[in-house]
Asks: 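Would you mind keeping the following structure in view while I ask a few things?
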Amino acid sequence: MIRRKKVKTWPLPLLIVGLCFMSCRQVQQNTDCTTHALDIASYQLKQSARMLNDSMLLPRSTWTYHDEAFLVHQLGHDVVVSDDPLEVHSKKALSGQQRNCPISDWTSGFFPGSLWYAYELTGDEELKQQAVRYTNILYPIHTMPGTHDLGFMINCSYGNALRLAHNDTIATVIVETADALCNRFNPAIGCIRSWDFGTWNFPVIIDNMMNLDLLFSASKITGNNKYYNIAVTHAQTTMKHHFRPDYTSYHLVSYNEDGTVEKKETHQGRNDESAWSRGQAWAVYGYTSCYRETKDTVFLNQAIHIADMIMERVKTNDSIPYWDYDAPVEIDTPRDASAASITASALIELSTLVSGGEKYLNYAEAILKNLSSPEYLAKKGENYGFILKHSTGSLPHNSEVDTPINYADYYYLEGLQRLKMQD
Ligand code: GLY
């Protein structure tokens with residue numbers, strides 16, 4: 001997928017012939033690589049989709065279990081592991097098995113969304129039928145109270161349905177979901193509340209930036225600025241409080257009722273001050289979207305700063321980050337392919353919005369190329385039906401560590417689709 005190389009000293013005619021040759025060869029490599037990836041993706045998704053039964057479960061990841069010593073080493077501090085032998089036994093027994101999720105799970109939109117992208121990229125009608133089928137089963141949760149994740153769940157499923165098979169019923173679902181999301185907005189704080197569990201007063205996680213696309217969409221459908229204004233306010237408040245001077249993001253900021261900060265934490269990262277890889281990816285994606293929708297250069301600058309920080313901080317030889325930028329660099333330190341695929345998708349879009357965006361496109365292409373290598377891309381019929389290997393959900397919670405996860409697949413396909421739009 002790397003198309004461009006620096007050539008400084010060739011005479012002009014040779015340069016032109018040479019560049020044509022290289023460009024053709026590299027475009028061909030891109031095409032071969034993408035064709036192979038889509039062949040695998042379509043096979044895996046179709047196999048998984050055929051399995052839907054009355055239990056209405058969707059593929060999410062696999063269960064994993066790592067021992068305490070590994071976790072302590074990765075985290076650099078003690079961990080509280082269960083001292084209930086039965087619980088430990090059942091977690092170990094589940095380890096290595098596929099983890100499916102109910103429609104109320106925060107990841108439920110990614111599988112239908114992947115089907116939509118795979119359909120868009122291949123034109124395969126079976127993928128479309130399955131995309132429609134798996135999107136429709138999410139209908140009962142589209143106004144579910146108690147979670148900010150509705151944006152992920154409905155925008156990835158119904159949002160893609162609206163794009164690829166528009167009808168008014170889908171538009172209504174988007175708007176009703178946006179209303180449910182707006183009910184979680186606190187004007188005194190200027191944010192949408194993330195979690196209803198825990199002891200935080202008003203927790204907001206960086207992931208919540210990913211819900212704003214659904215609000216922008218609802219604003220366009222209805223012509224009502226309410227959704228747009230809430231999205232912009234949330235992004236502004238988050239920009240003020242979530243970021244450190246080096247543009248890394250805390251995972252969680254909790255607010256007092258008057259809008260002052262209660263505390264800042266990194267719940268799924270190495271420690272509160274570390275840079276949790278997926279959090280950085282959600283951040284660059286979220287601010288790139290905000291600039292696309294608002295054309296406010298404050299958001300563009302934020303996206304650029306975060307993108308530059310990511311490119312500077314990820315030191316792995318294949319640009320697939322470890323699960324946390326501050327994790328120890330060792331042979332068994334888990335990667336997070338999901339952070340890489342989210343970043344790649346975001347940086348392709350960013351490259352189209354900024355002058356000199358080629359460096360972001362090159363970086364994203366390199367990530368997608370590496371994710372399409374045998375190290376990360378599944379073989380047909382393996383990897384529990386998922387497309388990518390080596391993602392990490394939440395290492396501090398000993399959950400989904402170094403395993404396939406549905407959102408890595410979703411943003412990988414979105415990245416391939418965005419890359420295709422560049423050609
Ligand atoms: N939104 C939850 C996560 O990224 O793990």
Side-chain angles (χ1 to χ4, degrees), residues 58-64 74-75 99 101-102 104-111 113-114 141 144 146-157 159 181 184 191-198 200 203-214 234 238 242 248-254 265-270 272 274-287 289 306 310 320-325 327 334-346 386 388 390-412 414:
L58 299 97
R60 170 173 165 151
S61 64
T62 70
W63 298 98
T64 65
Q74 286 297 319
L75 292 166
R99 177 174 178 181
C101 65
S104 56
D105 187 87
W106 82 272
T107 71
S108 65
F110 295 119
F111 183 66
S114 293
I141 53 92
M144 184 171 73
T147 177
H148 75 128
D149 287 319
L150 285 176
F152 277 115
M153 295 149 93
I154 297 303
N155 205 41
C156 298
S157 53
L181 210 47
R184 300 181 67 76
C191 272
I192 298 162
R193 183 184 180 109
S194 290
W195 293 335
D196 287 357
F197 59 86
W200 303 283
V204 179
I205 58 174
I206 191 66
D207 325 28
N208 206 335
M209 287 298 298
M210 301 298 285
N211 293 312
L212 306 186
D213 265 333
L214 181 114
H234 181 96
T238 299
H242 258 80
T248 59
S249 172
Y250 285 94
H251 180 200
L252 180 151
V253 175
S254 180
E265 294 179 4
T266 297
H267 196 59
Q268 286 172 239
R270 188 164 200 253
D272 287 342
S274 73
W276 172 52
S277 298
R278 199 163 50 260
Q280 315 316 307
W282 294 141
V284 73
Y285 192 113
Y287 282 98
S289 292
I306 303 165
I310 290 174
I320 314 301
Y322 296 113
W323 68 279
D324 189 297
Y325 294 177
R335 302 295 181 110
D336 183 10
S338 77
S341 65
I342 297 158
T343 300
S345 183
F386 294 95
L388 295 180
H390 304 309
S391 289
T392 294
S394 184
L395 189 139
H397 301 94
N398 205 0
S399 175
E400 299 173 318
V401 177
D402 191 11
T403 195
I405 304 185
N406 60 12
Y407 42 88
D409 293 358
Y410 175 85
Y411 291 101
Y412 173 64
E414 185 182 81

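Just so you know, ligand 1 is whichever comes first in the structure, and atom 1 is the first atom listed for that ligand.
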Asks: Determine, stepwise, if the pair Tyr285 / Asp213 fulfils side-chain contact (heavy atoms from CB on, under 4.5 Å).
Replies: CA-CA 10 Å; Tyr285 192 113; Asp213 265 333; 4.1 Å; yes
Asks: Determine the minimum heavy-atom distance between Leu395 and Gln74, stating which atoms define it.
Replies: CD2-CB, 3.8 Å
Asks: Could you tell me whether Trp200 and His267 have their ring centroids closer than 6.0 angstrom?
Replies: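 Yes.
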Asks: Hey, which atoms in ligand 1 end up nearer than 4.0 Å to a heavy atom of Trp282?
Replies: 4 (O)
Asks: Below 3.5 angstrom, do we get any N/O pair linking Asp207 and ligand 1?
Replies: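 Among all N and O atoms of Asp207, at least one is under 3.5 Å from an N or O of ligand 1.
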Asks: List the residues meeting salt bridge (Lys or Arg N to Asp or Glu O under 4.0 Å) with Asp272, not counting sequence neighbours, and say none if there are none.
Replies: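 With sequence neighbours excluded, Asp272 shows a salt bridge (Lys or Arg N to Asp or Glu O under 4.0 Å) to no residue whatsoever.
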Asks: Can you name the atoms of ligand 1, numbered from 1 with element, that are less than 4.0 Å from a heavy atom of Gln268?
Replies: 3 (C), 5 (O)
Asks: Can you name the atoms of ligand 1, numbered from 1 with element, that are less than 4.0 Å from a heavy atom of Arg278?
Replies: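 Once the distances to Arg278 are compared, the set is 3 (C), 4 (O), 5 (O).
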